[in-house]
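Because the structure is predicted, anything quoted here is derived from the model rather than measured. Letters go in sequence order (proteins before strands), and every chain restarts at 1.
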Amino acid sequence: MPEGPSIVILKELIEKFEGKKIREAFGNAKIDISRLAGQKIIAFRSWGKQFFICFKDFSIRIHFLLFGSYSLDEQIKPDRSLRLALIFSKGSIYFYTCSVKIPEDDLDTMLDWKADVMSDDWDPARARKKLKAMPDTLVCDALLDQQIFSGVGNIIKNEVLFRIRVHPETRVGDLPPRKLGDMIREARQYSFDFLEWKKNYVLKKNWLAHTKKTCVRCSIPLIKKYCGKTARRTSFCTNCQVKY
DNA sequence: TGCCATGTTAAACT
DNA sequence: GAGTTTAACATGGC
């Protein structure tokens, strides 16, 4: 569920509730749920893996972490921890096992919208600038940095590095400028491919490296290693992916 | 059945 | 205090 493209899918599915008034709200989220009833939803916004329900004077931030889920217009699913339910005169939204918060700060001051790889405001030059400032960081960690590539998760990381044929333990500063450009471009491009595949339920089928045992290019076994400071699972080919 | 995973935060350390 | 490591959270798929 949690990578950026999945949140974009949620945003599209939920759009019909924009401008609608909440009739009833409940759940075990640790926020003041009583203030929600009667509120009109001004907009839904997404920033990377974060999803925002915006009202006139405040907003709710939903983060699905690893196990979060949601359902629309359904009965509440049993045996799942219901964090927040929003009931409308026509339809409903249920959020399960996710983080629910009401941020103190204004979203536009809190978030760099140009860092969201799925956004129309995505700014690759800005990403490059941020990367230039951290030459010692490994590329596998850099791709997961939400301040640079908001929305990129572990799947996208693995697939991008395989696509651009770069070893995950390459230092950012050691990447040739062209490869750095490739990484920034593919972080966005793969996210959109992810979006289309996910919509068509063929995401897994299109994985080239993530969870794979052998290289689709040269057939040798892929390395599975928990790379970098983030120590997330990384699959890569020591033959096809160059360490600069 | 047990292990592991599309993630982040906060506490506990050095 | 900084930077780090560890624990916690919680569900479903293989």
Whole-Å distance separating the CG atom of A/Asn158 from the P atom of B/dG7: 10 Å
Between B/dC4 and C/dA7 - P atom distance, rounded Å: 16 Å
A/Arg233 side chain near B/dC4 phosphate (N/O to OP1/OP2, under 4.0 Å): no
Gap between atoms OH and P, on A/Tyr201 and B/dT6 respectively (whole Å): 21 Å
Nucleotide B/dT6, atom C1' - distance to CD of A/Glu3 in whole Å: 4 Å
Parallel, tilted or perpendicular, as decided by the 30° and 60° cut-offs, for the rings of A/Phe17 and A/Phe88: parallel
Integer-rounded Å distance: C/dC9 C1' and A/Lys30 NZ: 10 Å
Spacing between A/Asn154 atom CG and B/dC4 atom C1', to the nearest angstrom: 12 Å
Short side-chain N/O contact to B/dT6 OP1/OP2 from A/His210, under 4.0 Å: yes
A/Asn28 and A/Arg83 side chains, donor-acceptor separation under 3.5 Å: yes
Rounded distance in Å - CZ (A/Phe51) to C1' (B/dG7): 18 Å
Integer-rounded Å distance: B/dG7 P and A/Phe149 CZ: 15 Å
Closest-nucleotide 5' rank along DNA chain C - winner of A/Arg83 and A/Lys204: A/Arg83
side-chain N/O A/Tyr226 vs B/dA5 OP1/OP2, d < 4.0 Å: yes
Protein-nucleotide distance (A/Arg232, atom CZ; B/dT8, atom P), rounded to Å: 8 Å
Side chain of A/Lys229 - closest among C/dT11, C/dT4, B/dT6: C/dT4
Atom pair NZ/CD1 of A/Lys20 and A/Ile41 - distance to nearest 0.5 Å: 9.5 Å
Test: A/Arg45 cationic atom under 6.0 Å from A/Trp113 six-membered ring centre, within 45° of axis: yes
Heavy-atom pair of closest approach, residues A/Asn239 and A/Cys218: ND2-SG, 3.3 Å
Strand partner of B/dT6, provided both Watson-Crick or wobble distances fall under 3.5 Å: none
Presence of A/Lys49 side-chain N/O under 4.0 Å of B/dT6 phosphate oxygens OP1/OP2: no
